[in-house]
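Below is one structure, written out as structure tokens; the observations come after it.
Numbers restart at 1 for each chain; the letters A, B, ... are given by sequence-line order, proteins then strands.
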Number of protein chains: 2
Amino acid sequence: MEKSDSEQRLQSRSIQPTAVRTMVLDYMIEQKAAVSLADLEDHFSRSDRTTLYRTLKTFLEHGLAHQIHDESGSAKYALCAENCTCSYPDDLHVHFYCSSCQNTFCFTELQIPSFNLPPKFQPDHGNFVITGRCANCAA
Amino acid sequence: MEKSDSEQRLQSRSIQPTAVRTMVLDYMIEQKAAVSLADLEDHFSRSDRTTLYRTLKTFLEHGLAHQIHDESGSAKYALCAENCTCSYPDDLHVHFYCSSCQNTFCFTELQIPSFNLPPKFQPDHGNFVITGRCANCAA
DNA sequence: TGACCTTTGCAATAGTGTTGCACCGGGTTG
DNA sequence: CAACCCGGTGCAACACTATTGCAAAGGTCA
Ligand SMILES: [Mn+2]
Ligand SMILES: [Mn+2]
Ligand SMILES: [Zn+2]
Ligand SMILES: [Zn+2]
């Protein structure tokens, strides 16, 4: 049997491609906006909340996805690019949170610049979110 | 009786200077790091949780403080500059969250640049946090 | 088959954010 | 003065998110 693209993508990050993980990855690939745990709960009602939670955690730990903290109160998750390590200042981009439709988007083209931090501050990664109205919700 | 600096600061933002509000503002002025609601609860144990919550909310609504969403899971609050409106791209700066001591700092000198957003996206404000180790916690 | 490890499901809990309502004190008005 | 109004505060309850412990299920391999 052939391995699906998503199975290979999981294995490339050293994640065992279980049924749940493959389904969640497939789902995230389809989405235009970052997903929340609640989104996964809604969409995979047959799977347990905890399993989905730990699936996302696994994705984070293996660098398959990154976490976004917007104003919605719940963390969002989006897939990383192939060789992404989510480290500052490379591999980090701006996000956009629409306060109207509550969607959060990755603007992967918009790399964040390298800021001139005070001495001795050691950056590791970052979270950059612009809030406003998305193209769909714009008045 | 003379009005204290903090009372004037409250009134300049059209906030009625009550005892709790003045105390909280004084406390925030002293802090080097942004404060959380839990911080206020710890420090003002005689005041009710809800009152402190609503105090912060009032500060936000009147532009006296801004809210920062870092990886700690709880929102942080820091005072705004005199004429700050917290609007993108002006009046927005970078923050630093130390994953070791859990403190979040305002780097008011580090203004964020104006990003070239896709068409029709209407920015309003933003949340910019770099995570790492602060000067105190650096190895 | 049986030991072993990983994944999943279920239950419970912690933590944060939020709201409704009642009370209180100060100021206003009749 | 009394009736009233109103913003601020306290208390309780609740919603939602995040997290953990433990046991059952499933897969791998000697
Ligand atoms: Mn992203
Ligand atoms: Mn700040
Ligand atoms: Zn929108
Ligand atoms: Zn630190």
remark   = Whole-Å distance, B:Glu61 CD to D:dG8 C1', equals 14 Å
Heavy-atom contact window of chain A on DNA chain C, given 5' to 3' at under 4.0 Å = C:dT7 to C:dA11
task = Send over the distance from B:Leu40 CG to D:dG10 P, rounded to a whole Å.
result = 13 Å
message = Rounded to whole Å, how long is the line connecting atom NE2 of B:His62 with atom P of D:dG7?
response = 12 Å
Might you list the N or O atoms of the protein lying below 3.5 Å from N or O atoms in nucleotides 22-30 of chain D, with each pair's distance?
none

message = Keeping B:His69 on the side-chain end and A:His69 on the backbone end, is there a donor-acceptor pair under 3.5 Å?
response = no
message = Counting only side-chain heavy atoms from C-beta out, which of D:dA12, D:dA18, D:dT9 sits nearest to B:Arg21?
response = D:dT9
ask   = Would a distance-only check, ignoring hydrogens and angles, find a side-chain to backbone donor-acceptor pair under 3.5 Å from A:Arg13 to A:Gly63?
value = yes
key: Distance, rounded to the nearest Å, where B:Leu52 contributes CG and D:dT9 contributes C1'   = 10 Å
query = Are B:Leu40 and B:Leu60 connected in a single hydrophobic cluster, I mean Ile/Leu/Val/Met/Phe/Trp/Tyr linked by side-chain heavy atoms less than 4.5 Å apart?
reply = yes
request  = Say whether, by atom type as modelled, one donor and one acceptor occur between the side chain of A:Glu7 and the main chain of A:Ser4 under 3.5 angstrom.
outcome  = yes
task = Sequence neighbours left out, what pairs pass salt bridge (Lys or Arg N to Asp or Glu O under 4.0 Å) with at least one residue falling in residues 44-63 of chain B?
result = B:Glu41-B:Arg49
query = D:dT20 P sits how many Å from A:Asp48 CG, rounded?
reply = 16 Å
request  = Round to the nearest Å and state the distance from B:Gln11 atom CD to D:dG7 atom C1'.
outcome  = 15 Å
note = When B:Gly73 and B:Thr50 are each assigned the nearest nucleotide of DNA chain C, the 5'-most assignment goes to B:Gly73
Over all atoms of both residues, closest heavy-atom pair of A:Phe59 and A:Arg21 = CZ-O, 3.6 Å
query = For the base of D:dA18, is there a side-chain donor-acceptor partner from A:Ser74 under 3.5 Å away?
reply = no
query = Taking for each residue the nucleotide of DNA chain D bearing the nearest heavy atom, is the 5' side occupied by A:Lys57 or by A:Glu41?
reply = A:Glu41
task = Using the six-membered ring wherever Trp is involved, compare the ring planes of A:Phe105 and B:Phe121 and label them parallel, tilted or perpendicular (cut-offs 30° and 60°).
result = perpendicular
ask   = Does a sphere of radius 6.0 Å around CG in B:Asp42 hold more than 12 heavy atoms from other residues, nucleotides or ligands, not counting ones at 6.0 Å or beyond?
value = yes
request  = Could you state the atom-to-atom distance from OH of A:Tyr53 to C1' of D:dA18 in whole Å?
outcome  = 6 Å
task = Would you indicate what A:Ala75 reaches in the nucleic acid, counting non-hydrogen atoms under 4.0 angstrom: base, sugar-phosphate, or nothing?
result = sugar-phosphate
inquiry  = Can you tell me how the ring of B:Phe128 sits relative to the ring of A:Phe128, calling it parallel under 30°, perpendicular over 60° and tilted otherwise?
reply    = tilted
